[in-house]
Amino acid sequence: KADEAAHDEL
Amino acid sequence: MNIFRLAGDVSHLVAILILLMKIWRSKSCAGISGRSQVLFALVFTTRYLDLFTVYISAYNTVMKVVFLALSYATVYLIYMRFRNSYDSENDTFRVEFLLIPVIGLSFLENYAFTPLEILWTFSIFLESVAIMPQLFMITKTGEAESITTHYLFFLGLYRALYIANWVWRYHTEGFYDQIAIVSGVVQTIFYCDFFYLYVTRGEEIRTPS
């Protein structure tokens, strides 16, 4: 992923 | 959250509800591929394991739980409650031909070699091909009821709207998710032939024999 944020999409 | 993403999620929910209501009301799952529905239940299960690890938003959590519950309810209706109407003779797509490559790919191409990330990647790859048993079944029988085609239309529309969401997010946030985007585009391409038939021939689809 582009950043380390969690997968916020469903 | 943007309008494309929201519309995509709503479209996804509408698709799942159309299928569930169709089976519930007609008390029949004729023409529905149980194999595709099991694959979708597997997709949600492996993707939403992060329900236990990270909190993103109330919307995110609620939608995940709803999708999981609805997908298992659909599988239950097909294989238990209305199994007498299940057309197993025409639902013969070999799912191992999808599962084996998808498992292999998710080990090779992922964001981190951890169980949760590999399972997440597996779910994204599997979702892109999970509809194939259903499309195969329609090709085999040569027809699909109009309500089934509405289901497929909204299911295809969902990932197409997500593509718009990814374009939007890239331009506004600089965010992109390469695995999701590539798989999402592949997934949408699988529906293009169906979209064409849906628009040109009307709801009820008969494939040329």
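Protein chains get the first letters and strands the later ones, always in sequence-line order, with residue 1 at the start of each.
Contacts with chain A were tallied for B/Trp120, B/Tyr48, B/Phe44, B/Phe67; B/Trp120 has the most, counting heavy-atom pairs under 4.5 Å.
Every residue two or more places apart in sequence or in another chain that forms a side chain to side chain contact (heavy atoms under 4.5 Å, CB included) with B/Val66 is listed here: B/Leu13, B/Val62, B/Leu70. Checked against side chain to side chain contact (heavy atoms under 4.5 Å, CB included), B/Asn165 has the following partners two or more places apart in sequence or in another chain: A/Glu9, B/Asn2, B/Phe4, B/Arg5, B/Tyr162, B/Arg169.
For the residue pair A/Leu10 and B/Tyr158, the shortest heavy atom distance occurs at O-OH, 4.2 Å.
Sorted by first and then second residue, the pairs that involve residues 52-68 of chain B and meet side-chain hydrogen bond (donor to acceptor under 3.5 Å, both in side chains), not counting sequence neighbours, are B/Asp9-B/Tyr59, B/Asp50-B/Lys64, B/Asn60-B/Lys64.
When heavy atoms are compared at a cutoff of 4.5 Å, B/Ile179 does not approach chain A at all.
Taking 4.5 Å as the heavy-atom cut-off, none of the residues of residues 180-193 of chain B approach chain A.
More than 12 heavy atoms of other residues, nucleotides or ligands shown are found within 6.0 angstrom of CD on B/Glu173.
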